[in-house]
Amino acid sequence: TEEVFPCLNDTPEESGETCDQKEPNGYQWIFQKEDPLATYRDTINYVKNTDWVYHTPGIYEITLKVDNGYCGTKDVTKKIEIIERVVADFNVSSNVVEDTVCTEEIVTFTNLSTGHERKHKWKITPTTPTGRYSYAGGTNEDSEDIQVVFGYGTYQVELNVWNNCSNDTKTYQIYVKEDPTIIRFD
């Protein structure tokens, strides 16, 4: 069996296999979910090539039965795994109010992304010339969740997630205000 990873709602194409002596005159495709509790099974007859759209993740068996009337019936079965597309999502710590925080506060970004076998990367981009930041708590752009200390400025925080089927990005704009300066009165 060969394992491939088509995406949810894609249409993988399988080609008919034939007997070497004569052209086949009968084809039967069987699509079945490999789950002892599932009763999902569908059949398509008389077409050499077909498209099939999967709407639910899981492991499926595809069987093609071919008959040419001379060589008998031959069949081949392959398993495929349908995986979910990724969705990028994260939340921001409660010390950020209306997208704004003060300088030198630690801001935590918690990755809430979904999807099968997903990978991710954080990206922080200062959108003002004064912007500077550093990761805190031993985190970095590859960490699942990150902690960041921002200097005065405006920043775009981006989380990119991907797998074999898809990629998705969520962005967030954060405004960092300067701490008040105490002026000495004499």
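Counting begins at 1 with the first residue of the sequence.
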Identify, with sequence neighbours excluded, every residue that meets side-chain hydrogen bond (donor to acceptor under 3.5 Å, both in side chains) alongside [X].
X: Thr100; value: none
X: Asp142; value: Lys121
X: Asn95; value: Ser93, Glu105

Taking the hydrophobic residues Ile, Leu, Val, Met, Phe, Trp and Tyr, and joining any pair whose side-chain heavy atoms are under 4.5 Å apart, which ones share a cluster with Val87?
none
Apart from Val97 itself, residues in the same hydrophobic cluster as defined by side-chain heavy atoms under 4.5 Å:
none
Identify, with sequence neighbours excluded, every residue that meets salt bridge (charged side-chain N to carboxylate O under 4.0 Å, His left out) alongside Asp75.
none
Quick one: ring pair (Phe, Tyr, Trp, His ring centres under 6.0 Å) partners of Phe90, sequence neighbours excluded?
Phe109, Trp122
Using the test side-chain contact (heavy atoms from CB on, under 4.5 Å), find all partners of Glu144 that sit at least two apart in sequence or belong to another chain.
Asn111, Arg118, His120
Applying side-chain contact (heavy atoms from CB on, under 4.5 Å) to Gln147 and not counting sequence neighbours gives Ile106, Thr108, Ala136, Thr139
Which heavy atom of [X] sits nearest to which heavy atom of [Y], and what is that distance?
X: Ser143; Y: Gly138; result: OG-O, 4.4 Å
X: Gln173; Y: Asp99; result: O-CB, 3.6 Å
X: Val176; Y: Cys102; result: CG1-C, 3.9 Å
X: Ala88; Y: Ser113; result: CA-OG, 3.4 Å

Working note: Val92 + Val107, criterion side-chain contact (heavy atoms from CB on, under 4.5 Å); need CA distance, chi angles, decisive distance, verdict.
CA-CA 7 Å; Val92 182; Val107 179; 3.8 Å; yes
Rounded to the nearest 0.5 Å, what separation is found between the [atom1] atom of [X] and the [atom2] atom of [Y]?
X: Asn164; Y: Glu117; atom1: CG; atom2: CD; answer: 7.0 Å
X: Ile124; Y: Glu141; atom1: CD1; atom2: CD; answer: 9.0 Å
X: Asp145; Y: Leu112; atom1: CG; atom2: CG; answer: 8.0 Å
X: Trp29; Y: Ile62; atom1: CH2; atom2: CD1; answer: 7.0 Å
X: Ile82; Y: Glu84; atom1: CD1; atom2: CD; answer: 11.5 Å

Not counting sequence neighbours, list each pair that qualifies as a side chain to side chain donor-acceptor pair (under 3.5 Å) and has a residue in residues 123-135.
Glu104-Arg132
Using a 3.5 Å distance criterion without hydrogens, assess whether the side chain of Thr103 forms a donor-acceptor pair with backbone atoms of Tyr152.
no
Using modelled atom types and a 3.5 Å cut-off, is there a donor and acceptor pairing between side-chain atoms of Asn163 and backbone atoms of His116?
yes
Only pairs at least two apart or in different chains count here, so list each salt bridge (charged side-chain N to carboxylate O under 4.0 Å, His left out) that has a residue in residues 163-172.
Asp89-Lys170
Please list all pairs passing the ring pair (Phe, Tyr, Trp, His ring centres under 6.0 Å) test where one or both residues lie in residues 158-183, with sequence neighbours left out.
none
Hydrophobic cluster membership, Ile83 vs Val161, 4.5 Å side-chain cutoff
no
